[in-house]
Engineer: 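Take this structure first; my questions come after.
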Amino acid sequence: MKTSMRVRKGRVGASMANLSGLYLLLLPAVVTTLIFGYLPMLSNYMAFLDYNLTDGFMGLGSPFVGLANFDFLKEKWFYEIVFRTLLYSVGSLAVSYPAALLLALLFNELRHTVFKKVVQTITYVPHFVSWVTVAGIVYMFLTVEPDGLLNNLRGAFGLERISFMQDAGYFLPILVLSGLWKGLGWSTILYMAALSGIEEQLYEAARVDGATRLQQAIYITLPGLVPTFCIQLIFAMGGLFSTSFDQVFNLQNEVIRPDVMTLNLYTYYFGIVNQRFAHSAAIGLFNGVISVVLICTTNVITRRLSDTGIF
Amino acid sequence: MKRLLCALLAACLMCGLCACQAADPVSVGVGDQGPLTAFDVSTAKDLEIQVYGVLNTGASKDDKLTPIWREKTKVTPEIVSYSGNETPGQYFQMNHVAGTMPEIIAPLNGVFDHMVYYKQLKDQGSLRPITLEELETYMPRYKQRLEAWGFTMEDWYNANIDPSEGKLLYVPGPIDPLLTDAKNTSWVQATASTYNPTVWYFRDDILKTIFPETKTEAELRQLYIDNGGQLTYEEIDDVPVKSKEDLYDYLIAVQQLNLSVGEKKVVPGQIMGDTQANNIYNSCLPLAGLSYQIYGHRLFDDIKGTMTYTQATPEWKELIQWFNKIYNQGLLSEEAFIQKNEQRDAKAINGEYAVFCSWLPVTSARDLAKQENRGYGYRYVNIVDFPDLTTTYQNFQDRFLTLNNATGAVAISTSAKEADIPQLLNWIDWNYSQEADILRFWGTDDMYTGEKLDRRFTKEWEDIMLNADPENTPQDYGLYMNRNDCWNHETYGLKGVKGNYPYTPLNVYPPELENPDKINLDAVCLSVYTGHYAQKVKLWLEKPLDQEVTDLKNKFLVLQDEHAEIQKTQGFYNDGAKTATIRAIIAKPEQFDEIYGSEYEAPYLTQELLDNVKAMGDAWSAFRKLYRQSYIEPYSLN
């Protein structure tokens, strides 16, 4: 047994030595991840302190208060915020996931190469527009003022003008639609990559067997996309508790803020703006723990169902 | 492999920690450096520094001043400030942690006169104490200036020591103009006013339609010329809108006129400056029948011995409810509390507001109206009058003249190298000097002749400096000619100091009597208003404070520090409280009380906050009682 272990270690060592150049190339990524991904985790310690920036080095001399900063777990408002965060995340996912998949399938069916590339490029462009700009465009589109396009359209049909941005009831649709506009094209990239990996012979065989285009899509293309879909889903689960901060922050306003408050927004306004760092660190830690649990659970489920997972 | 990975991990963590570690504050050996020697700029090295400020910057095509500033100081400042979404507090905190605090902290206001931010800077240890000996040695120009006004550097130092620290933590702001040799000039006497009116702009064609007896802007300009360059309070006080109730009636009257600009309907009012609730405090407080006072949102009455939290008064609630009423009746834009500032400004410029807050771009609105011959102008109107300079909670009849001034103060941060302190103080001293003042306003000595009241530009420069030619402005030469703007941060890095020089071109030149368009009518009206209130003010000179009264003041300041801490989670300035206020305004009128009560009063107007204000008020009263009894004497300007 010992000999076998030694032999295996020796092989690993030899293999690493042979690939040392590649490991060297990997090093910057590892170091960057450690510094920017893992090192900041140390700041979670702040969640257990009555944190004051001026107490000791970087505030680490602040008194230890145990779980006192986690009092929010007893509060009703916190669960309202959690529920809203989940609602916004799930709502966005429920629309954007199938939409991206559908669009990728449609792209895949396009035969005119130039047209396909033009359409793809056009759908990718919004990804590069900042949320500040998108929020400005959305506001101009939805405002109740005489310049508001949607309200002018409603006016043309004799409908009442509505201040969409001041009504929290419209926030989820605005969130979903603006997210779709901005991210739909970009989200198809992974699917397009996966589609290019599906072997052409499978389609040829199906055609020989008389399969229609729809049947090819259902029986070849969709199963070929399952691994990508699962991995996307696992990543999305990790972000379930953190709606896109940029998006929500830029689309909300003072009038509807309490009604559209998400965990990220709460952490920003009550933690950063009001300088209650320990409080926001505690919420962040809670958020992180739940996200890890969700990722692991999804990973287990997808591995069992489709033999696909990230670890 | 495992060892390798462990070593790598440990190394990364160490590197990260080192990278994150804030630079150690300079170990300040204040007072142990032995006898100081005067700063000699000829032997100094060029010094590049960062200055926290809130100044505009711009390029001049032929900058006449910056080379002089460099020669006198060998300092090149870079102005830095917080970004749009930050507060000064966040900026200071992040820079403290990162070890990147600017060497100089020179806000015009809002930091050293803001209890929360000042306390934060003290707690962080960001302020490098300045000794009397350093002031005496490295600020000879200002020392000379103070002596010419009858004060010593020691007087100035003692008046500004932080009582809780026993040290001077910043170079104080400029002293009160009423304590300088210009106290007998009419424009300096106008600064004696304890009430600086809050004004609104009224589109004058609409005003005339509703109140035919009022003057238009053009009529007022002509009257100024006809009067030989002056206006009286009675002449400008012709608009019968004297309270928020009158303003409401006026807005309703405007609404009934159903006016349009092109296809866009005229909105009766944009009464507040922007969408934020705290802006209602900043731009509309007099509509609540209250006046701005030092110590921000707390109202105090020395005579009655009371201190009140503004946002806990029924008057404040009534003001918010008044906003709720005008909002729901369509007297404000439907999206007035979410619109972008650019959208608001575009409406103001296009004449779409009948009444708007003085913060909005009236100059552009006037220019457009003139360019397009729209036949209207804008009247500058002080709506609320405080005839006896008191309110239910305030008494501001008395003005106490003191060398103490945190507004416009300039601090040296602990990021500065100890060896650079003399050069930094010399830079501050140069900026505080009379020579620098004259250069800012009048340029180099070949550009003018005469002294003080008799000083005039030479013919060549008069055309540039006094004629409003947008192609050839004073700013093009790095000079400062506008009361409300500043230009080159190299020369105006310390914006507050300009207050010590009264003989500016605007003040000493005779009034414009030929071209009505050249009259700065708003400045004339403001001067008439402040002069009107200044006549009602009683002036007192503060005598040196001794330990007894300083101890009482310290008790108040300790409670004020507690107040700053409480405000992090409670009180009006909490983000949630501001949001709640806006939500109460846009709620249906019948829901106002419920929303105001449940979303603002219950969570933010807490007993802890009110108890603290009460205790502060008691401490303040004790201090002020003794102060008034023994530490002031009547002061006369003549």
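Just so we're on the same page: letters track the sequence lines, and every chain starts at 1. Every value quoted in this text rests on a predicted model; they were computed, and no experiment measured them.
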Engineer: Answer with side chain, backbone, both or neither: which region of A:Phe36 has an atom nearer than 4.5 Å to a non-hydrogen atom of chain B?
Structural biologist: neither
Engineer: Is B:Ala277 in contact with chain A via its backbone, its side chain, both, or neither, using a 4.5 Å heavy-atom distance?
Structural biologist: backbone
Engineer: Rounded to the nearest 0.5 Å, how far does CD of B:Gln339 lie from OH of A:Tyr139?
Structural biologist: 6.0 Å
Engineer: Please rank B:Glu599, B:Lys578, B:Gln276 by heavy-atom pairs under 4.5 Å with chain A and give me the top one.
Structural biologist: B:Gln276
Engineer: Highest number of heavy-atom pairs under 4.5 Å with chain B: which of A:Arg276, A:Arg257, A:Gln166?
Structural biologist: A:Gln166
Engineer: Do B:Thr579 and A:Tyr269 come within less than 4.5 Å of each other through their side chains, counting heavy atoms only?
Structural biologist: no
Engineer: Name, in order of residue number, those residues of residues 60-77 of chain A that have a heavy atom at a distance of less than 4.5 Å from a heavy atom in chain B; otherwise write 'none'.
Structural biologist: none
Engineer: Could you measure the distance from the NZ atom of B:Lys340 to the CE atom of A:Met140? Nearest 0.5 Å is fine.
Structural biologist: 10.0 Å
Engineer: Are any non-hydrogen side-chain atoms of B:Arg583 and A:Asp259 less than 4.5 angstrom apart?
Structural biologist: yes
Engineer: Please state whether the side chain, the backbone, both or neither of B:Gln567 comes within less than 4.5 Å of a heavy atom of chain A.
Structural biologist: neither
Engineer: Taking 4.0 angstrom as the limit, do B:Lys264 and A:Glu145 come out as a salt bridge?
Structural biologist: no
Engineer: I'd like to know whether CZ of A:Phe83 has more than 12 heavy-atom contacts from other residues, nucleotides or ligands below 6.0 angstrom.
Structural biologist: no
Engineer: Using side-chain heavy atoms (C-beta onward) and a distance below 4.5 Å, is B:Thr581 in contact with A:Glu254?
Structural biologist: no
Engineer: I need the residue from A:Gly136, A:Ser163, A:Pro146, A:Pro40 with the largest number of non-hydrogen atom pairs under 4.5 Å to chain B.
Structural biologist: A:Ser163
Engineer: Taking side chain as everything from C-beta outward and backbone as N, CA, C, O, which of these in B:Lys265 sits under 4.5 Å from a heavy atom of chain A? Side chain, backbone, both or neither.
Structural biologist: neither
Engineer: With only heavy atoms counted, which part of A:Phe277 is less than 4.5 Å from chain B, the side chain, the backbone, both or neither?
Structural biologist: side chain
Engineer: Any residues in residues 327-338 of chain B near chain A, with a heavy-atom distance under 4.5 Å, and which are they?
Structural biologist: B:Tyr327, B:Ser333, B:Glu334, B:Glu335, B:Phe337, B:Ile338
Engineer: For the CD1 atom of A:Ile256 and the CD1 atom of B:Ile582, what is their distance to the nearest 0.5 Å?
Structural biologist: 13.5 Å
